[in-house]
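One structure is given here, and the rest of the page talks about it.
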Amino acid sequence: MLRKMQQTVRVRFAPSPTGELHIGGVRTALFNWLFARNNNGQFILRVDDTDKQRSSEIYLQSILNSFRWLNLDWDEGPEVGGSYGPYRQSERLNFYLEEVERLLEQGKAYTCFCTAEELEADREKCRSLGQPPRYSGRCRNLTPDDISAKKKKGFSYVIRAITPESGETVVDDLIRGKVFFENKVFDDPIIIKSDGLPTYNFASVVDDHKMKITHVIRAEEHLSNTPRQQIIALQLGYELPSYAHVPMILAPDHSKLSKRHGATSVQEYRDLGILPEALLNYLALLGWSPGHDREIMSMAEMIELFSLERVSKNPAVYDMQKLIWLNGHYLRNASTVRITEMAIPFLLKESIISEEQVSQEKEKIEAVVGLVKEKVKTLSEIAEASVYFFHDDFVYDQAGVEKHFKKDGAAQMLIQIEEALQKASAFSAEELEKTFADLSKKTQIPLNKINPATRLAVTGRLMGPDLFPLLALLGREKVLARIKKARALFCLD
RNA sequence: GGCCCCUUCGUCUAAUCGGUUAGGACACCAGCCUUUCAAGCUGGCAGCAGGGGUUCGAAUCCCCUAGGGGUCACCA
């Protein structure tokens, strides 16, 4: 504990820009971030873009946007810089080559000319013998003359690091304890590819060291990679960071989360109308708990309570319903002004309002959102529930029409409602509530007939926000016009 | 298949060194509230994967079995 305090905690999240940031990545990033903030340490973003083919700037920008949207800030990394940069692996080639040169000189790595076909043949042979596929070590003992001759002929080559053939490597994991691996199951890993770029296992080790990373917190899928990285680190003479492998997030069918399971990227959740704080709170609960019955937590509370010791070992199945529930909670408790800002893009996208209205009718939009947000769970539902405040040409619920309009006396009732509303002294929620109560008393028609009929006439629906504030917001003119229209459209007499 | 990890309600999880009527949350069901639907409140349903040990006592420690997941690339 004391030793931990002496050294500033430095953690990193190292996405490769080959796709959108997905929720598994966010959860890993979040745990890193919480751990850093809890320890007054630094959270570093590093771009693992050594796969030239698949990496793209578009994805990097999208990932950074997702981080910004989630409000997860990084102390060092792209755009903010830092004293251990550059933070893109594609710009750190000189570091890797320097280290490879050293390994080569020390005889801890060697040049390998084996072709893909040769390697495949080797693997095939191993398989047929019932053994695990393993590199034969054919090029380990090439002489310097062999090597320069082959290079001169233009053969392509890679650099491999030498792995001990016996003994074992122990990964001391903060979450799982000591995990033992026999060295004989590993072959000599490629550290520099034939395109001259480092492989993940090498670049990652070099960067973690050069960036003074103290804790490597990553998904469990990397656990079996860790001994290979430790072996490389050993060859390089590095001191090892602490490791913590967090459990994976699984789809409801217990398989690995993928596109076919629906939304997987942060961007998709954003488009669905999920709030960033809800997503983070939910993700924090997947594989971690503060220990007591606490579930809804602000970022400040999560920072305060987070510890790796309380991260669980077993994979967590992802449950959309609980996320939605949490989102509803945050939606209701957030300020109307903020939710309105966030809902506007959804209203625009569904053509419920125009750009012009955004600038000219902000107050009305806020009033609508304020009324409607109590009943919904996502921002896109806000849009859906707001339609009739801005459009007169909505469709009427068919079952509702049968039940409330196509009955004897329905027209009479609507007329009476109209008259009462016309005479109402003020068109406020309180006044309207009184108006309806009086009407019910006078006509002997119960409120549970008057109210739904009014709602149906005015909104086309049977459900929605409280009726009286709804009517008040719509205004006398629109309400009366809509009741007239419904009467003309549906009533028998 | 080899190696590695994991196993508490349907799902996420709690239960400090072994002693709890195994707790909470989502979902589901019922009731209350109510002008609707939600929300909220109250209550209910539901779990220690199986089998052996160790122990006065095991969800908790050990072993085995089963199941799930990961990994074995010139992807990260």
Side-chain angles (χ1 to χ4, degrees), chain A residues 14-19 48-51 53-55 89 112 114-116 119 123 126-127 130-134 156-160 171 173 175-176 179-182 184-187 189-201 203-204 218-228 245 247-248 250 252 254-256 282 285-296 310 312-326 328-329 332 374-377 385 400 433 436-437 440 446-456 459 461-468:
Chain A
S16 82
T18 55
D48 277 18
D49 57 353
T50 54
D51 184 341
Q53 260 76 46
R54 297 196 302 147
S55 297
Q89 292 188 326
C112 171
C114 293
T115 61
L119 294 173
R123 275 194 283 265
C126 286
R127 267 194 289 268
Q131 286 167 351
R134 197 165 183 280
S156 81
Y157 61 94
V158 300
I159 310 291
R160 288 179 187 269
V171 176
D173 191 278
I175 294 169
R176 278 148 222 283
V179 184
F180 299 83
F181 296 87
E182 285 195 88
K184 68 175 184 209
V185 305
F186 304 119
D187 43 16
I190 292 175
I191 56 177
I192 299 287
K193 300 180 275 191
S194 56
D195 63 4
L197 295 177
T199 55
Y200 162 74
N201 275 330
S204 184
R218 55 174 33 156
E220 199 207 316
E221 55 186 314
H222 291 284
L223 182 55
S224 9
N225 255 322
T226 304
R228 293 168 224 277
H245 289 91
M248 312 246 322
L250 266 30
H254 288 82
S255 68
K256 204 169 168 176
Y282 176 69
L285 258 19
L286 247 37
W288 174 75
S289 90
H292 22 269
D293 292 340
R294 213 45 201 297
E295 294 220 306
I296 292 172
R310 296 208 59 87
S312 78
K313 299 177 208 239
N314 42 323
V317 172
Y318 179 76
D319 178 22
M320 189 76 174
Q321 275 184 312
K322 189 154 180 176
L323 202 214
I324 299 282
W325 167 79
L326 257 177
H329 170 87
R332 282 189 299 279
E374 301 302 318
K375 306 280 173 178
V376 300
K377 294 199 165 78
E433 188 162 6
F436 274 62
S440 172
L447 281 172
N448 64 14
K449 280 213 163 69
I450 297 177
N451 289 341
T454 307
R455 177 187 298 280
L456 184 64
T459 71
R461 307 180 191 197
L462 293 173
M463 318 175 301
D466 288 343
L467 182 62
F468 307 114

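Throughout, protein chains are lettered first and strands after them, A, B, ... in sequence-line order, and every chain is numbered starting at 1.
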Between A:E220 and A:K313, is a salt bridge (charged side-chain N to carboxylate O under 4.0 Å, His left out) present by the stated rule, with each step listed? CA-CA 9 Å; A:E220 199 207 316; A:K313 299 177 208 239; over 6 Å; no

For [N], give the paired nucleotide (Watson-Crick: N1-N3 plus N6-O4 or O6-N4; G-U: N1-O2 and O6-N3; both under 3.5 Å), or none.
| N | answer |
| --- | --- |
| B:G43 | B:C29 |
| B:C72 | B:G1 |
| B:U8 | none |
| B:G57 | none |
| B:C37 | none |

So [X], base contact, sugar-phosphate only, or nothing? Heavy-atom distance under 4.0 Å.
| X | result |
| --- | --- |
| A:F180 | sugar-phosphate |
| A:N314 | sugar-phosphate |
| A:F181 | sugar-phosphate |
| A:N201 | nothing |
| A:L467 | base |
| A:S194 | base |
| A:G287 | sugar-phosphate |
| A:C114 | base |
| A:T50 | sugar-phosphate |
| A:V317 | sugar-phosphate |
| A:P465 | base |

Between [N] and [M], how far is it from one [atom1] atom to the other, in whole Å?
| N | M | atom1 | result |
| --- | --- | --- | --- |
| B:G52 | B:C74 | P | 48 Å |
| B:A15 | B:U7 | P | 13 Å |
| B:G18 | B:A59 | P | 13 Å |
| B:U60 | B:G47 | C1' | 16 Å |
| B:A27 | B:G10 | C1' | 8 Å |
| B:A58 | B:A25 | P | 30 Å |
| B:U71 | B:G50 | P | 29 Å |
| B:C48 | B:A30 | P | 26 Å |

Quick one: pull up OH in A:Y157 and OG in A:S194 and give me the separation to the nearest 0.5 Å.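 OG of A:S194 is found 10.0 Å from OH of A:Y157.
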
Can you find a donor-acceptor pair, distance only, under 3.5 Å between A:S224 side chain and B:C4 base?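 Counting by modelled atom types and ignoring angles, no donor-acceptor contact under 3.5 Å is found here.
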
Kindly say whether, by distance alone, the side chain of A:K313 makes a donor-acceptor pair under 3.5 Å with the base of B:C5? no

Any idea if B:C62 is syn or anti, going by the 90°-from-0 cut?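 In terms of base orientation relative to the sugar, B:C62 is anti.
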
Under 3.5 Å, is there a donor-acceptor pair linking the side chains of A:R54 and A:S16?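 Absent: no donor and acceptor within the cut-off.
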
A:D49 and A:Q89: side-chain donor and acceptor closer than 3.5 Å?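 There is no such pair (donor and acceptor under 3.5 Å, judged by atom type) between the side chains of A:D49 and A:Q89.
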
Can you tell which of [options] lies closest to the side chain of [X]?
| X | options | answer |
| --- | --- | --- |
| A:E220 | B:C5, B:U35, B:A76 | B:C5 |
| A:R54 | B:C75, B:C6, B:G40 | B:C75 |
| A:K256 | B:C12, B:G70, B:G40 | B:G70 |

Rounded distance (Å) that lies between atom [atom2] of [N] and atom [atom1] of [X]:
| X | N | atom1 | atom2 | result |
| --- | --- | --- | --- | --- |
| A:E182 | B:U71 | CD | C1' | 16 Å |
| A:R228 | B:C4 | CZ | C1' | 11 Å |
| A:H254 | B:A49 | NE2 | P | 13 Å |
| A:D51 | B:A76 | CG | P | 5 Å |
| A:I190 | B:A73 | CD1 | P | 10 Å |
| A:M248 | B:G68 | CE | C1' | 12 Å |
| A:L250 | B:G67 | CG | C1' | 13 Å |
| A:R160 | B:C74 | CZ | P | 7 Å |

Please encode protein proximity along nucleotides 15-29 of chain B as a string of B, S and -, counting only heavy-atom distances under 4.0 Å. S-------BBBSS--

Short side-chain N/O contact from [X] to OP1 or OP2 of [N], under 4.0 Å:
| X | N | answer |
| --- | --- | --- |
| A:S312 | B:U13 | yes |
| A:K193 | B:C75 | yes |
| A:N225 | B:C4 | no |

Grab the two heavy atoms, one from A:C114 and one from A:L119, that are nearest each other, plus how far apart they are. CB-CD2, 3.9 Å

Let me see the working for A:S289 and A:R294 under side chain to side chain donor-acceptor pair (under 3.5 Å), right down to the final yes or no. CA-CA 8 Å; A:S289 90; A:R294 213 45 201 297; over 6 Å; no

Around atom NZ of A:K449, are there more than 12 heavy atoms of other residues, nucleotides or ligands at under 6.0 Å? no

Heavy-atom side-chain contact between A:Y282 and A:W325 under 4.5 Å: no

Hey, which of these two, A:L286 or A:S156, hits RNA chain B nearer its 5' end, going by closest nucleotide?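 Going by which nucleotide is closer to the 5' end, it is A:L286.
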
Given RNA chain B, 5'-ward residue of the pair A:L462 and A:R176, judged by closest heavy atom: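 First, find each residue's nearest nucleotide; the 5'-ward one identifies A:R176.
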
Between A:H222 and A:Y200, ring centroids under 6.0 Å: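 Yes, the ring centres sit under 6.0 Å apart.
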
Testing A:L447, A:N451, A:T459 for side chain to side chain contact (heavy atoms under 4.5 Å, CB included) with A:L467, which one passes?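 Of the listed options, the one satisfying the test is A:N451.
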
Where do A:F181 and A:T226 land on the side chain to side chain contact (heavy atoms under 4.5 Å, CB included) test, with the steps shown first? CA-CA 10 Å; A:F181 296 87; A:T226 304; over 6 Å; no

